[in-house]
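The structure appears below as structure tokens.
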Amino acid sequence: MTEMLTIVPAGAGSGKTFRIKSDLTKWVKDNLVAPNRILAVTFTEAAAAELRGRIRSSLLAEGMVEEALAVEQSYVSTIHGLGLRILSEHAFAAGASPQPRALADAERDLLIRQAMAHAQSLEAVKADLPRFGYRSSFVSNESQEDSFRGRILTTIDLLRWLGDNGEDPQLADGAVARLRGLYGRVEPDGAPLEARLLTAIDALLTAFPNDLTAHATSDAARTAFGKDYRNMKRAQRPGELRRDWRLWKALSGLRQSVQGAPTPDGYDVLSDEVIAAAADIVVHPGPLEDACAHLTALIHGAQEVMSKYADMKREAGVIDYADMICDAERLLRTRPEILDALLSEVDCVIIDEFQDTNPVQFALLWRIAQSAKRVLIVGDTKQSIMGFQGADPRLSEALERQNPDAASPLTGNWRSDPRLMQMVNAISAGLFGEAYVPLEPQRPETGETFAEILRIPEGRRSKKSRPEEHVAARIADILDEAGPVVERESNPKAPTFRPVEPRDIAILAPTHSMAARYATALKRQGVPVRISETGWLDSPAVMAARNALAFAVDPTDRHAALAILTLGPSSMPLQQAMSLLADGELEACAELADLRALAETAPAIPLETLLPRVLSAAGILDWAARMPEAAQAHADLMRLSAEVTEFVSAHRDFKAAAGFHGASAQVFLGWLEARRQERDFDRHPDPGQSAGQGVEIVTWHASKGREWPITAVVGLDNKIGEKPGTLRAEFTDFSDLSAILERALLIWTPDLPIKEKKDAFIADRRAASEADARRLLYVALTRGRDRLILEWPDFALKKLGESGGPANHAEMLVLEAGVELEGGSLKIGGSSFPARTLNCSAEAPGTLEASGVQEASERLAFGELRSMLETQQTAWRVRPSSIVQEPLPEVQTRIVQLEVPPQAVSLVATASERGTVLHRAMRVLLMRPDLRPRLSAATGFDEATLDVLQAQARALKEWLTAEGYTQIECEVPIQRREASGAEFNGVVDLLATGEGKCLILDHKSGVGSFAGYFAQLDAYREVLAEQAEGIKPYVAIHWIDRAELEVLVRE
Amino acid sequence: MNGLEPLVTVHAGMGAFRTITSDLLAEAYLAPRPQAVDLNAVLADEAFPWSASMSVAPLETAAAVSAALRSLAVATQGLSPDEVDLGPLERESRLYKHLAALCDLWRNAPGALPEDLQVYAHVLACASGDALEPLPLVSADACGFATPIERRLHAHLLDHHGSADAAFQNEWAALRAPLMTGAAEGTSLWRVQQGLTGASIQSAPLDDSLAFFALRDEAEEADFAAARAQRLVDQGASPHEIGLLVPDEVGYFAQLRRAFDAAGLPLSGLPIQPERRDIAGETLLQLLLCFQSPAPAMALASLYISPLMPWSSETGLQLSREVMQGRFEPFSAKSLTGRAQRFYKLVRSNIAQTPDGILQALEQAAQLLSEAADQREAVAAFRVKMGMMRAALSQSRSLDWSALYRVATPAMPKPSPSEAFVEGVSVFTEGSMPWRPARHLIAMGMSGNRWPRAVSASPLFLDGELRLLREKTGLHVETRGDALARRLEKLRRQFLCASESLTLLRPVFAPNGSRQAPAAALSLVARTVGNDEKGSEDAEALIHDLRAVPRERWPFAHRVVETATDAQPSAVPKDGILRLDRDLLRRRLADDGRMRPQSPSRLETLMVSPLAWSLSEFGAEPVTWAPDGLNVMVAGTIAHDVLEFLFPKDAPLPDHNQIDAEVPELLSSAIRKYAPYLQRSIWAVERDGLLRDIRTAAHAWRNTVEGLGARVIDNEIGLQGEALGILLRGRADCLLQLEDGSLLVVDHKKSGTPKRRARLEAGWDLQLGLYREMLKRPEKTGEVLEAALAGTPEIGVAYHLINDQGVLLEGLKPADGIVTVVEGEISAQAMDLLTKRLSDVREGLIRLNTEEDRQKFEKEASLVPYALDASPLVSRFMTPKAENADTTEGHND
């Protein structure tokens, strides 16, 4: 049982890593914890590596070297890493693969697609996707089938966050009951409503059989009339009004006469009735029934797919990321001996960022933590913003509540200027109420401005000026002023200052797309920017490399030729390239000669070998090094080679699943192109330090865990509210945390075609959305060290408080934290904080003259380009068999026929193996005939064969004796060592010596010529001659298959 | 070998030193040939605790069990399972069960033991007289890291052969000394070499013998290493006095090759990149994929470009390009002859989906492969693989495709060792000890999961269990901790080869751009550095930021790179016009010497982007290898086909029941024809969707045709005519004749009404306008059309929009309420622009697009300008929009 449970609520900048590190070091020092018996779980790989590094170095700093080394064996990893390790270590118990292959997303999707094809529960929805609101998207090129599949996938994700309980079919019942309860009253029968509407439409279309576009006086009217007519025609089709509820909604809004744009006489009256009848959709039972059917199908369908998918994975011996957690959770829950085994390997459990765990992760970790000896849980529910990954802060809130004695909150703040910290404390008190524990600032004041407000009058679609333009202009100003910021590494009590640089500033935006707009605005101001932007695939270096690769494997690819010539290093004008193309001379042009030369062999070369050659043949590396953004280009090309490695090493099933077959460059290039749409795939890699560091632009979510001297929080006008179509899991009861997964309730916010109904569901989620928004605000506002700049969206505060709660994040600050802007200060609740306030004009700001010019500094590269040093290449290890002499020397030999029955020795084996065993047999038969009984096992020869060989050996020995050789030795190693360390190594098959002479004899099986082996024999002869001075050995070959000797007579 | 010191013997007569390998032992002690054992069959026994894992993951399970068996065996003294004393262990424990199972395995299948251990076992059972030759040892002590069995073997050999003469022992020690001595005492490098793994060495301030640098990635590391080596050479070192310690990763090998070639320094011992993929394996795999019906287009394309095909590489490229453009039966296949033709036909034939059918097809294919001399080896390899396939196929009754694919999976080519030479900079790889000493060592890749590599967990033994085993039975099976310690000691010894300096390089990023943490070894090295006040240093603090060091003090060669000021010099002509000085319309001529007719879709491309059009005229359009998928084009083709057969010419209209009954069958047949892959189960949802859309459209279309009082007089009708001074050719989907004799040309479109209508009303429709023009001056009309046109009837044109069943008609006045009649010049704008474009290209002018074009076409013409995305060149070579036209358009999130 747990001897010590500590829960550490750690607010922003309160030093949680320091706490973990120091607690651990102390435990190790006190011999409470063995360093190889630490189980620590963090949220990301990077955090795990950092934690491991910190533990290691603090132990090293204490002189505990052995202990520091032992940390490498401990379980310090992400939670997925922990799950995977549990699954590997206990694979046999689970009947699973001990080295499960993790499924790639494409493979997972393919398996799920296959499982979906046969899922009965989905039939009703599959049969009519548009009826249930699935549409194809122009923006993402996604088909309605894709969006349906996407919905099933997210439902599966959600259910899997509930572990095995996600398979409970009753989840659907609870969800549907809630749906019905919130929806409100409907008529029992929709038929009379339909009849009324149809009658009204018939009457109207009888009177007006054609659409009214001829009467339209404006584009808007024309469009509306066209649409209304089409909708009414459609409504007349049998069954249409019983499936398309959106159509009712549309019909309830028919266009009628407006001022200056009348409809023909009689139209308004007839359309009044259509509108009235269509408005009854609110009480029509159909939409509700469809929504219930849809929800049931989603849940049951996802469960059905999950179970089929699980079978497929089991058969294939693969797992996905969710399995790493779910399977591990199940193992520990159902097999106490495995939990015991795990616990017996650890002395302490440390969990970082506990607030970010999803339910099944929580269950897994809590199960371990509950029984571990020593537990340290660190987290901050205020910073729980990973809801989109299933994180539920209420789990850790409940944990804290239920273990009040374990709490050991961190209350200091080492990050921010004290005035800034007080301001954040004031805001947070407003947002979180009494539960908020203020953080005590630990840093001294900087004496500089710590808060700034940019009041923005014009909105995000304004034609006059946009918020990002004002923010960018202000940042350009700040950089131009080059005021002081505190050096991060300096002594915290007596800080040193240095002028602000771009890398000291970050813009925090709610979404990636908004972030991209700020990047553009900053670049326009001439401010260097660091943002992981899209465009990697089409960046100049990568584009050139892709086309060069395409041309190298297909020199008839004219498009690739055109692209590499015009967009690549040669920068040929398009006019010239097109002329070459028109003249049919494009592919043959001189600039492509090196690539064309490569084309001979390129189609069969492994891609990892080919890419560097292509880059060099096309001159892309040198060209990229000269680009203005060379560091980025270098990083881009490196990533391309990493993609090659990934493509080459990706499992074949994985590529096949994604529809890719083959290993050629064409397939690789298609694979890159196909992944362009993948989330984050097209983003540039980080160019690293040398790129010159720019202002960083990150999302609020991505800013978590980071800090900058100056942060600008933008996009406070971002709306608060649940997105329709979202399905979530909540818990009805937190009293028993070890059984939490059994208390799940699914909450659906349906994307209903009827706005008032849809709004009711969104309103029901209001409290939860606001709680999310508060936490997100807290994260964004606590990233700054010296100064916080707020982009204050006056344009979004015009309807303050009209929506029954804060409509956006700025409204939340006003309504909940009581933020007021007053002259040069920011009033929050009762306190006032001096804030540099800038009232931005409605017009766009100008650009700073000076800042735009970034001096192109001299760029240095490692090394000098030199031609290859001319040296000898003396082999380090000479193997005689590799010595070849060209042309073959002329030698004179004589043949000695051994007196044995000429019988070929045959043996099924590869040539080299055959040679080896023949040598072995010959050696034994010559030297140790007493060991012949062992030869059969050692060589695989049958007795008959051995008889033949023995006869040869005997004959050979007789000949040697007759020639005067008194001593023989077999398999004699010879070695010549040079001062340089180079060596000649060989083995003489048979060395015979007699009075004043010696003979080198080589056994050969198969065919060959003496001349062909002469060089090798000669090399032996030379080495032996050196050792036995004065004697020049004779050389001979024993042709085993021919049972004859060939002796050298003269060279 | 676990031991870091090899067992070495010396030949008394010749003075040759040799490492005692298991091969040498097998030779000297006449070991029986290793027993072959079908490990998978043995391991599958249900009594084993891993049997369930074995059935789902045979490879991985067998690997894990073999590794565990080895680690257990080497922990024994005599390689006998009887040495494992299970008595003191709890019978119900996991440890007991796993150990007992391993011992059973070992007892029942001694062949499961690795071959080298089988040799050891034999040697240990031999008497000294059994050896064919003496093997005196040069060292009396076994390596400290040797396993129990290695120690035992050492003792055994010593017993049989004794030690070598003292002279030899001394000579051997002298030979080894340069690799073991390290740097001068007291230097930073010496501290690292002595103290890396924890010997109590006091830390001391850093001197020149040790340096740390952080680089972005492995490419920079390689550049840096070359630059550092250059400087060392300039300062008088010989290349062979410099060594590189490199991770065993292909990426490093490639980068070092590049960087050192550029620096002009020879590298010795760098592994060689493989030159050829497993072409035989790939070809076999693609063949199988093509034989499994329906064949994916990309498998066909990949097969066609295989070097083993019985046609030229040009032909292969052409065939593959057409397939990837959607033509499953490429035009270029028609000109194949002989073997090539036979092979092609085989691949495209209906192959019986039985083991026998597939086998026969494979055999035939094997006979038809390339006869080129340079492919002979690969063809032979193909036939060897075929043998395995034959075995797999002839044994099975039903086709198990995934098993076949497993057999056919191509091998991954690996780098091969190169012949080292004396005069180059030495490359030492991670896994082996340095092969010679160096004055200066540069160690690379000090980040992430390297130095030491992590030891993976075992499914058989937890570390705690192994410690318990040791405690209870004295059996010392290596734990993960032991393995790590051994790897670190190996690193220490690798460092020992350096006598003057060690430079440690840490890549901050992996090649894919993800950040990497410093390697554990780096902190250990850093620990040896420090001064009295502050104790040891943090690794990160010691790492030089090169940019912070003044250039004069850089310890490596460097150069100034000229930078371009502009990313891409502007290569667009000022007026945005390319001049090719020839009539681009007459580039390709028909047989009669006239220009080839242009289709409406080509002309639409010309209208939108002359550059995109000319690329395709010159056969320079890009072809991307994309996986099979359902896109609008394919869906449209399928829908057309269904409608064509559902409403045949001169037949009464089908009634609604008939439509419901016939659409599914017609859809299946269209799918087989145009998109066979859609037959796979993963496309079931899409098939349902197509069925739903087409059926709904068919019902509505039937009512429309009836309401118009029209009859279908032809489908898929070829139109050819002259207009705008050029020849046109198109294919109208459907020709209706109304009761009054007027004609209606209909085009089915798999899209919706509103956009199309807006386009017509804006006068930007090209297709219908061109149809109408063609009908005005027709050429080569068929009988049906000729008859219909005889009375110079009124001609209307219409779009049938399948997605929302709308019909947009122009040119006729049908009864009210049936279709939407569009008045006005539906093509005026488009024709104007097209006329202008045609006159341009006739003069050889290609007007590049401007940056406003996309928006203009979308907004003004309500058309999606696909042609602008036809090639990246089109968007790269746009002329900038005029400054004053800078509009601030809305953003959509």
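The chains referred to below are lettered A, B, ... by the order of the sequence lines, with proteins before strands, and numbering in each begins at 1.
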Practice prompt. Mind ranking A/Gln99, A/Glu89, A/Arg639 by heavy-atom pairs under 4.5 Å with chain B and telling me who comes out on top?
Written response: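 Looking at each of A/Gln99, A/Glu89, A/Arg639 in turn, A/Glu89 comes out on top.
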Is any NZ, NE, NH1 or NH2 atom of the basic residue among [X] and [Y] found under 4.0 Å from an Asp or Glu carboxylate oxygen of the other?
{"X": "B/Arg94", "Y": "A/Glu337", "value": "no"}
{"X": "A/Arg934", "Y": "B/Asp130", "value": "yes"}
{"X": "B/Arg515", "Y": "A/Glu50", "value": "no"}
{"X": "B/Arg757", "Y": "A/Asp211", "value": "yes"}
{"X": "B/Glu133", "Y": "A/Arg923", "value": "yes"}

Just how far is it from atom [atom1] of [X] to atom [atom2] of [Y], taken to the nearest 0.5 Å?
{"X": "A/Glu971", "Y": "B/Leu132", "atom1": "CD", "atom2": "CG", "result": "9.0 Å"}
{"X": "B/Ile305", "Y": "A/Asp554", "atom1": "CD1", "atom2": "CG", "result": "8.0 Å"}
{"X": "A/Phe660", "Y": "B/Asp628", "atom1": "CZ", "atom2": "CG", "result": "10.0 Å"}

Discussion item. With a 6.0 Å cut-off (strictly less than), is the heavy-atom count around CD of A/Glu629, excluding the residue itself, greater than 12?
Written reply: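 Atom CD in A/Glu629 is not packed in, count stays at 12 or less.
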Keeping [X] on the side-chain end and [Y] on the backbone end, is there a donor-acceptor pair under 3.5 Å?
{"X": "B/Arg480", "Y": "A/Gln73", "result": "yes"}
{"X": "A/Glu72", "Y": "B/Ala520", "result": "no"}
{"X": "B/Arg559", "Y": "A/Gly863", "result": "yes"}
{"X": "B/Ser53", "Y": "A/Ser97", "result": "no"}
{"X": "A/Arg558", "Y": "B/Glu621", "result": "no"}
{"X": "A/Thr609", "Y": "B/Pro274", "result": "yes"}
{"X": "A/Gln975", "Y": "B/Phe17", "result": "yes"}

Discussion item. Assess, by modelled atom type and distance only, whether the side chains of A/Glu969 and B/His11 contain a donor and an acceptor separated by less than 3.5 Å.
Written reply: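 Present: a donor and an acceptor within the cut-off.
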Discussion item. Checking B/Gln318 against A/Thr556 for the side-chain hydrogen bond (donor to acceptor under 3.5 Å, both in side chains) test, could you report, in this order, the C-alpha distance in whole Å, the side-chain angles of both residues, the deciding distance, and whether it holds?
Written reply: CA-CA 9 Å; B/Gln318 185 56 35; A/Thr556 66; 5.8 Å; no
